[in-house]
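To start, the structure under review is shown below, and the notes come after it.
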There are 2 protein chains.
Amino acid sequence: MALPSGLLGALDPTSDRAVFRQIADQIREAIDKGRFKEGAKLPSEAELVEHFGVSRMTVRNSISQLQGEGLVSSEHGKGVFVRPRPPVRRLASDRFARRHREQGKAAFTVEAEAAGSRPEVDSLEVKEERASQDISARLGSVRKVLSRRRRYLLDGRPVEFATSYLPLDLARGTQIAEPNPGPGGIYARLEELGRHLDHFDEEVQARMPSQEETKTLRLAAGVPVIHLVRTAYDSEGRAVEVCDTVMAADAYVLAYQLPAN
Amino acid sequence: MALPSGLLGALDPTSDRAVFRQIADQIREAIDKGRFKEGAKLPSEAELVEHFGVSRMTVRNSISQLQGEGLVSSEHGKGVFVRPRPPVRRLASDRFARRHREQGKAAFTVEAEAAGSRPEVDSLEVKEERASQDISARLGSVRKVLSRRRRYLLDGRPVEFATSYLPLDLARGTQIAEPNPGPGGIYARLEELGRHLDHFDEEVQARMPSQEETKTLRLAAGVPVIHLVRTAYDSEGRAVEVCDTVMAADAYVLAYQLPAN
DNA sequence: GACGCCTAGTCGTCTAGATGAGTTCCACCA
DNA sequence: TGGTGGAACTCATCTAGACGACTAGGCGTC
């Protein structure tokens, strides 16, 4: 039952700092210093109670603190574990370049397989609907849109879900309205429709997930999401697609290249 | 003491869902539906205890749930409030374009004043130090660097802090090593030194803040940070600066433009 | 009017205990 | 051999109460 000595220190009873914060500090430091490795099990609540001589609620308070920081996650009946850092997927700013599209495969699939992961696309849903105010504004006062909703998984883990919106009069009746848009994806189809793509605008924000997002992406406590809204413009400056994406922040790093002039 | 009726519903005792989650759901829904507006005070813990007929710890558990989601923040002695959404600063991908630099003022200052905010720069610290492994790799195997550390505030609120690293043999003895690098900032000085800037690489990640970041940025619970690492390259492809930035995620939206070819 | 004190209301921290539920493993029995 | 039941351990939820500390407003004193 007793804790291996040296793993965790003692409390400072003279400190102003709340006891549960001191305990969280101790555990955090032990993780930082590698005394608890990624994926390792923390001492059980009972062991921590004994070690620090406090009540169980205080220990739980400490752990819930660390959970909120995304450092640990608890599993009912098993224990509390140092949260492993999943491999991140790097999204380069040229990922929608035409030269990649011409290969004919979806960007997500190609990239994932190159990284040795098993990609999946999920819950595909294609609908015709009224544009929300925001989408309408981004598409240039379009009323009705075709929406394409899907979820992406890597090795069975959901990492991202996205909804594309296209003006209905552009997409209706084309392969874009089919579940499978064909080789090169909807951007290839848009170009075949004579909409030569010129550039994309991306807006990036980070925030904590909603309840629904937590569920859809199976997020652990303390994992934010990246919310990315991309608008595609054709060579005449018309917006042809808006893609609204929510990503598990611990699975991604976004890379952009900016010109200096 | 009693709660205005209609604000919050009742619990479902037959539900599997934990009581504290049901209470959090009720409050979340009330916020979503606008029954509690931004900045409004939630019912006190005592009122919620009475309304739902549960113990105080259960109510506190609900509230701490909502805090973790970034929905509310509590103020000791005052109450729990719906977290107001602060105005966000939009960072455009051309913010380092030469044409802006030539105005002579710092980008942060110009932008903030244009938006009607009061900008401040803080805790400026210039040091010579050994490069960390990561910084060294990004700068191309540079051992010693000049580091410039500073914090940015808008209307007194810290929103971002950043550290720039430059190869020491490039920056030493120049105005870059001075606290005030002069008009146009260090990028202008680099160009005067013959390092014509070609492009920047930016890497964006989001995560929960460390203890220190929470303190430096005075972050509320449930606010993630955006971690941005920018590398500046000159026209000969040499990395001349790495800037490591941590931003309060609720204060920013990043905007990028990507070419389609 | 300015200041300080007091008080009621608020959240923060901590204790001690009860019950529930998921996981693991092993001894026992068929 | 193989399955089953249970013990022991884990975290999850909830209760009831105590004390501390911060805030705001009222009130009296100077």
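Every chain is numbered from 1 and lettered A, B, ... according to where its sequence line falls, protein lines coming before strand lines. Predicted model only: the values in this text are computed from it and were never measured.
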- Query: How close or far is atom P of C:dG22 from atom CD of A:Glu45, stated in whole angstroms?
  - Reply: 16 Å

- Task: Give the intermediate values and the outcome of side chain to side chain contact (heavy atoms under 4.5 Å, CB included) for residues B:Asp134 and B:Arg138.
- Result: CA-CA 6 Å; B:Asp134 177 59; B:Arg138 288 177 194 270; 3.1 Å; yes

- Proximity to the side chain of B:Phe20 - top-ranked nucleotide from C:dC14, D:dT15, D:dT13: D:dT13

- Message: For the CD atom of B:Glu45 and the OG atom of B:Ser55, what is their distance to the nearest 0.5 Å?
- Response: 10.5 Å

- Message: Distance check needed: C:dC14 P versus A:Gln65 CD, whole Å only.
- Response: 11 Å

- Message: From CZ of A:Arg56 over to P of D:dT15, roughly how many Å is that when rounded to an integer?
- Response: 15 Å

- Query: Distance check: side-chain N/O of B:Arg60 vs OP1/OP2 of C:dG12, anything under 4.0 Å?
  - Reply: yes

- Task: List the steps, then state whether side chain to side chain contact (heavy atoms under 4.5 Å, CB included) holds for A:Thr109 with A:Glu113.
- Result: CA-CA 6 Å; A:Thr109 310; A:Glu113 282 170 353; 3.8 Å; yes

- Give a yes or no on whether a salt bridge exists between A:Arg28 and A:Asp32, defined as a side-chain N under 4.0 angstrom from a carboxylate O. no

- Under a 4.0 Å N-O cut-off, is there an ion pair linking B:Glu129 with B:Arg149? no

- D:dA12 base / B:Arg21 side chain donor-acceptor hit below 3.5 Å: no

- Among D:dG17, C:dA16, D:dT10, which nucleotide sits nearest the side chain of B:Met57? D:dG17

- Query: Hey, what's the ring geometry for A:Tyr256 with B:Tyr256, parallel, tilted or perpendicular (30° and 60° as the breaks)?
  - Reply: parallel

- Query: Taking only N and O in the side chain of B:Thr58, is any of them less than 4.0 Å away from OP1 or OP2 of D:dT13?
  - Reply: no

- In whole angstroms, how far is the C1' atom of C:dT10 from the CD atom of B:Glu50? 16 Å

- Message: For DNA chain C, which residues of residues 67-86 of chain B approach it to below 4.0 angstrom with any heavy atom?
- Response: B:Ser74, B:Glu75, B:His76, B:Gly77, B:Lys78, B:Gly79, B:Val80

- Task: Round to a whole Å and report the spacing from CG of B:Asn61 to P of C:dC11.
- Result: 15 Å

- So, is A:Ser55 close to the C:dC14 phosphate, meaning a side-chain N or O under 4.0 Å from OP1 or OP2? no

